[in-house]
Amino acid sequence: MNRVLVRKLSSNVCETKILRRTCSTDVTHKVSTSGSNESFAKKNSTDDGPQHDIAIVGGGMVGIALAASLASKPLTKHLNVAIIDNNPLLGRKNIIEKGNPPDPRVSTVTPATISFLKDTGAWKYIEEQRHAYFDKMQVWDYSGLGYTRYNANDVHQDVLGCVVENKVLQSSQLSCVQESDLQKTIYPARLNAMDMLPSSSLTGLGEVPSTTDLFMRGRLAKLELSDGNSVYAKLVVGADGSKSQVRELAGIKTTGWNYSQNAIICTVEHTVENYTAWQRFLPNGPIALLPIGDKFSNIVWTMDPKEASDRKSMNEADFIKAVNDALDSGYGPHPETTSSRDSLSWLTGNVTISTKERFKTPPKVVRLSSERMMFPLSLRHAKDYVSKRVALVGDSAHTVHPLAGQGVNLGFADACALSKAIAEGIALGTDIGEANLLKRYEAERKPANMAMMAVLDGIQKMYSVDFGPLNALRAAAFHGAHYISPLKKRIISYASGEQALPLFS
Amino acid sequence: MLFSKPMNQLQRLLLSARRVSSSPITPPPSCLLHKRLFSTSDTDASAASLPSSHQTVQTLESKASNKSRNTSSTTSLNQDELAKFSAIADTWWHSEGPFKPLHLMNPTRLAFIRSTLCRHFSKDPSSARPFEGLRFIDVGCGGGLLSEPLARMGATVTGVDAVDKNVKIARLHADMDPVTSTIEYQCTTAEKLVDEGRTFDAVLALEVIEHVANPAEFCKSLSALTIPNGATLLSTINRSMRAYASAIVAAEYILRWLPKGTHQWSSFLTPEEVTMLLQRASIDVKEMAGFVFNPITGRWLLSDDISVNFIAYGTKRSDLGDI
């Protein structure tokens, strides 16, 4: 992360620039419904760029979630939103063929995220596509000393989470946005530069100041795009991922480190249905098996970079064997299922259903159904989430280890909190780019995100060392989480997103 | 002489209603609780000749320590006071400056104002600009902390303040956003506007009445500015022991939030007095709420506790009899 702060990036090769320009004239369209009365003239104005209330840079899951959340609230659905992302698929009617095997890029959404997606109206679209609820989880490690089983019934819920492909999450939110009254424009381009000037008075500008005047007097931020267009907005939201351009241009510093681990993800198939999420911590990193539905599962296998490139390139049969080995008896024995100690039932309190469940082996993988993708893992946290007229959501603000499936859920919680802050600000007559409003969003999300990052980082470090006493400590932790029901309930409730902070809420 | 006659409060109220209300220049002694409510012209024979329209309403929204005074005869004391406020007038919009308590309280009182006025005018509270087409006046607007959010909520806002510097600052700041640049600011008093015959759908006078020479007359002016069945909102500090402890001792001496002498405890009004004054001015108080400060979170909250800061919402009786 030694990127130097640059105001303008070097532009792309000429051909691609021309390609983008033609792309932009074809694809850039104002998607509006009968409610809005936007005209195309505004977009094509020559000296002034178009003016928006909010510019969301990055049209991924979290960026579109923010737009969908704004569209679903009565106080904010009149806003004018621009989405800047050069993904050519964005904005077109995404037809996801149901026959294909699932994409390896999936996310586990927690119950808290599910209720957020229900509020924005996207969940009904997700349910039409492939998705897999799971209500059981088993976590153990290679030492064979302990295991923990979780069950949704422990906390009187039906599900622990749901596994959905990322493209389904994105397209369903986009459908929500497109059907709403929100005035939105999609700009298929990259962000090159961003400018903001200090506030000054508008006296002498006449009745309706032009966009350029407003920018010169500090009321708007100016975004220069790679296709040559300029966009003006009162608030810029950086939802552009861990290598966030917006964060760089706003000069927000980050801290963090790279884990010396890469993750391999792929889709695999079983002969039986799988309704449980499995995670086994191996000496080099955890392997997770998540159900996606229709007897498919998703594998997320974290290991050191050399092993990762080996496993990525080895042939399919060997890879499947390695996976089965890793999930089963490779690296160490199965933990024994100890019968629940009735003598200690007074200590453990109301015993949960999962306490009595025996250790099970995961279903065997029979086929690899997708290519193996590999990416490096790191931890990164932005020092500030907000700056003048800028807010960061999702991975641009925080990147975490995938070991607990929390990453995108934190991002969705950010989107929910930011749209709530914007709605409250509008209710109280505040300018949406104002510092107080943005600081309220930061104060809500930063502590929660940092707490989660600390927990995940702690777990990652605890499981990366193979050392006798530490193994025994981990076994004790497994046993504790498995048998001590109040602790288990708290863990489930924190991982489900019902609690924002691990300790005090 | 003045204090030899023990009258009860109601009698004094009735008495003051008939009196010319001009005020002595020197600040009233703080032990005289009733004096401010019914400033009489007995003591000041020369003042009696002044018509009531010259009463100065010190409409500073800041917790400025401006005692009752007369615009037509300013002394060096008042020049000093004016200069003091002019000096900090630049800091109106600094959210960490001397007006920080007001900035912190602003969202809370805006929440109350928004919900009561939406109900009063039967507007949709989930609309972004519910007050479109309504004319509001912010009496004692100061730097425009209240006027600007109201303008963003769609209202046509007029802001008045007796301190010229405040009005200038308010104008400059409002001009920074096209939405708020439509606010009309004037350096004038409520009485002058009444003389001009202006009326408004809603009249707001927040944190003003504790700085006013004659609260009864002030309430009458507010009422005259309100159309029949219009809304009036008034907020001030209660004259209670708790308020003495928090708004004066704690705020001015211990925490140093406000300059010493910003408030005079004797100038505070109890909710009952406010209700009575407004009632005599044909305004029926419908709702009252309090603001409570939580020192841990650093936020103000709306509550039923009116023992320190409180806000009253009333409606003007229509001319066609009782409502």
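Each chain gets a letter, A, B and so on, in the order its sequence line appears, and its residues count up from 1.
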Compute the centroid of each ring, for A:Tyr187 and then for A:His52, and state whether the two points are separated by less than 6.0 Å. yes
Compute whether any side-chain donor of one residue and acceptor of the other, for [X] and [Y], lie under 3.5 angstrom apart.
{"X": "A:Asp414", "Y": "A:His398", "result": "yes"}
{"X": "A:Glu179", "Y": "A:Tyr125", "result": "yes"}
{"X": "B:Ser307", "Y": "B:Asn238", "result": "no"}

Against chain A, label B:Ser126 side chain, backbone, both or neither, depending on which of its atoms sit under 4.5 Å from a heavy atom there. both
Thinking salt bridges, do [X] and [Y] make one under a 4.0 Å N-O criterion?
{"X": "A:Glu434", "Y": "A:Lys234", "value": "no"}
{"X": "B:Arg198", "Y": "B:Glu184", "value": "yes"}
{"X": "A:Arg219", "Y": "B:Asp177", "value": "yes"}

Can you name the residues of residues 420-428 of chain A that have some heavy atom under 4.5 Å away from a heavy atom in chain B? A:Ile426, A:Ala427, A:Leu428
Pick from A:Asn436, A:Thr76, A:Thr430, A:Asp431: which one has the most heavy-atom pairs with chain B under 4.5 Å? A:Asp431
